[in-house]
Amino acid sequence: MTRETTSVVMSVWNGGAYLKEAIDSILDQTYAPIELVVVDDGSTDQTNSIIRAYGDRVRLLTQDHSGQSVGLIAGIAVATGRYLAFLDGDDIWTPDKLARQHAAQADTRLEAVFCLSKQFVSPELADAAGEARPRKDVLVREFAGCMLIRRPAFDRIGNFDPLSKTAFVEWLGRAKHMALRYAVIEEVLHHRRLHASNFGKIFSEERDKSLLAALRLQIVRSRSGGRDEDDPLAQSD
């Protein structure tokens, strides 16, 4: 059976410290074919040269610094795959992440598949590991980096909000309101890096305001009578 292309979209700004590990975890997937689109969001470090070193294995887009959401939108616009996936430039996939999710999508009722994420303290923070260690290692909540979605389903929900600093939170609330049919694989296939430059650490006020706005919007949607279940598929069994 011919495999459908998965387009992986990444938007990165000054991510040179961890970018190679992230890209390698995508290109080393056991699933193929993969189209990798990386948007350099106006980086001033070695990000651009790291991406260029991969040659035609990575499609590079550049833009003035406009924020991750704008970068993702630009990457999605040129992506050609029948499936979409996303990864932050400081996180890592396990080698079988896409293969496991594509196998789950043999269930044609599903529009998207998520997985579990495990947080880890970046090695350079080893001396402060006690302070940095998260309260919970494995996260059940949905991250963009945990999702594989059919392109028609993504288009049905609509694109990310270019003005949001936490665009996936708003998008996911919208997706649930529109009854996105998804499942969660109860396996850790995504690793979320904790480091000194995490967005939530250096832009905590912007993050909190954006999350609050997304939460308010989700409450409005719920009051309007829309569905907002954690697992829409379960309702059809």
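- With a 4.5 Å cut-off on side-chain heavy atoms, Leu60 and Arg52 count as touching.
- In this structure a side-chain-to-backbone donor-acceptor pair under 3.5 Å is missing from Arg181 to Ala153.
- The backbone N or O of Thr44 lies less than 3.5 Å from a partner atom in the side chain of Asn14, making a donor-acceptor pair.
- Nearest heavy-atom pair, Gly16 versus Asp45, reported as atom, atom and distance to 0.1 Å: N-OD2, 3.0 Å.
- Between Gln29 and the choices Thr94, Ile34, Val8, the side chain to side chain contact (heavy atoms under 4.5 Å, CB included) rule is met once, by Ile34.
- Here the side chain of Asp41 pairs a donor or acceptor atom with the backbone of Gly67 at under 3.5 angstrom.
- Two residues are said to be in side-chain contact when any heavy atoms from C-beta on lie closer than 4.5 Å; Phe120 and Arg192 fail this criterion.
- The main-chain N or O of Asp161 is never found under 3.5 Å from a side-chain atom of Ser164 such that the two would form a donor-acceptor pair.
- By the 4.5 Å heavy-atom criterion applied to side chains, His102 and Leu148 are counted as neighbours.
- Linking ILVMFWY residues whenever their side-chain heavy atoms come closer than 4.5 Å, directly or via other members, places Phe160 and Ile149 in the same cluster.
- Counting heavy atoms from C-beta on, the side chains of Val39 and Leu72 never come closer than 4.5 Å.
- One finds the NZ atom of Lys118 at 13.5 Å from the CD atom of Glu187 (value rounded to the nearest 0.5 Å).
- In the hydrophobic cluster analysis, where Ile, Leu, Val, Met, Phe, Trp and Tyr join through side-chain heavy atoms closer than 4.5 angstrom, Trp93 is grouped apart from Val184.
- Under a hydrophobic clustering in which Ile, Leu, Val, Met, Phe, Trp and Tyr are joined whenever their side-chain heavy atoms come within less than 4.5 Å, directly or via other members, Trp13 and Ile50 fall into different clusters.
- Closest approach of Ala74 and Leu61 over heavy atoms only: O-CD1, 3.7 Å.
- A distance of 11.5 Å separates CG of Leu116 from NE2 of His190, quoted to the nearest 0.5 Å.
- The OG atom of Ser66 lies 10.5 Å from the CD1 atom of Ile73; values are rounded to the nearest 0.5 Å.
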**Message:** Run Gln68 and Asp88 through side chain to side chain contact (heavy atoms under 4.5 Å, CB included) and show every step you take.
**Reply:** CA-CA 9 Å; Gln68 185 182 50; Asp88 286 347; 2.9 Å; yes
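- The closest side-chain heavy-atom distance from Glu111 to Arg156 is below 4.5 Å.
- Under a 3.5 Å cut-off, the side chain of Thr47 and the backbone N or O of Gly15 do form a donor-acceptor pair.
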**Request:** Could you go through the ring pair (Phe, Tyr, Trp, His ring centres under 6.0 Å) check for Trp171 and Phe86 one step at a time?
**Result:** CA-CA 13 Å; Trp171 184 92; Phe86 307 93; 7.9 Å; no
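- Transitive grouping of hydrophobic side chains (ILVMFWY, heavy atoms separated by less than 4.5 Å) keeps Val37 and Tyr54 in distinct clusters.
- Checking side-chain atoms of Gln101 against main-chain N and O of Val113 turns up a donor-acceptor pair under 3.5 Å.
- Val58 and Val9 fall into different hydrophobic clusters, where Ile, Leu, Val, Met, Phe, Trp and Tyr side chains are chained together by heavy-atom contacts under 4.5 Å.
- A donor-acceptor pair under 3.5 Å is absent between the side-chain atoms of Arg193 and the main chain of Ile92, judged by distance alone.
- If you take NZ on Lys97 and CG on Asp28, they are separated by 15.0 Å, rounding to the nearest 0.5 Å.
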**Message:** One pair to check against side chain to side chain contact (heavy atoms under 4.5 Å, CB included): Ile76 and Phe154. What are the steps and the verdict?
**Reply:** CA-CA 10 Å; Ile76 291 166; Phe154 184 86; 3.6 Å; yes
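- The shortest distance between side-chain heavy atoms of Pro33 and Arg3 falls below 4.5 Å.
- Pairing each heavy atom of Asp91 with each of Ser25, the nearest pair is O-OG, 4.5 Å.
- Note: Gln105 CD to Leu98 CG = 10.5 Å, rounded to the nearest 0.5 Å.
- No side-chain donor-acceptor contact under 3.5 Å links Asp90 to the backbone of Tyr18.
- Counting only residues at least two apart or on different chains, no salt bridge (Lys or Arg N to Asp or Glu O under 4.0 Å) pair has a member in residues 56-65.
- No side-chain donor-acceptor contact under 3.5 Å links Gln63 and Asp40.
- Side-chain contact between Phe114 and Leu172 is present, with at least one heavy-atom pair separated by less than 4.5 Å.
- Of all the heavy atoms in Ala112 and Met147, the pair that sits closest is CB-CG, 4.4 Å.
- Legend: residues meeting salt bridge (charged side-chain N to carboxylate O under 4.0 Å, His left out) with Asp155, ordered by chain and number and at least two apart, are Arg151.
- Taking OG1 from Thr6 and CD1 from Ile26, the interatomic distance works out to 11.5 Å, rounded to the nearest 0.5 Å.
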Side chains of residues 77-84: which donor-acceptor pairs under 3.5 Å do they make with residues two or more places apart or in other chains?
from: Thr80; atom 1: OG1; to: Glu35; atom 2: OE1; distance (Å): 3.4
from: Thr80; atom 1: OG1; to: Glu35; atom 2: OE2; distance (Å): 3.0
from: Tyr83; atom 1: OH; to: Arg150; atom 2: NH1; distance (Å): 2.9

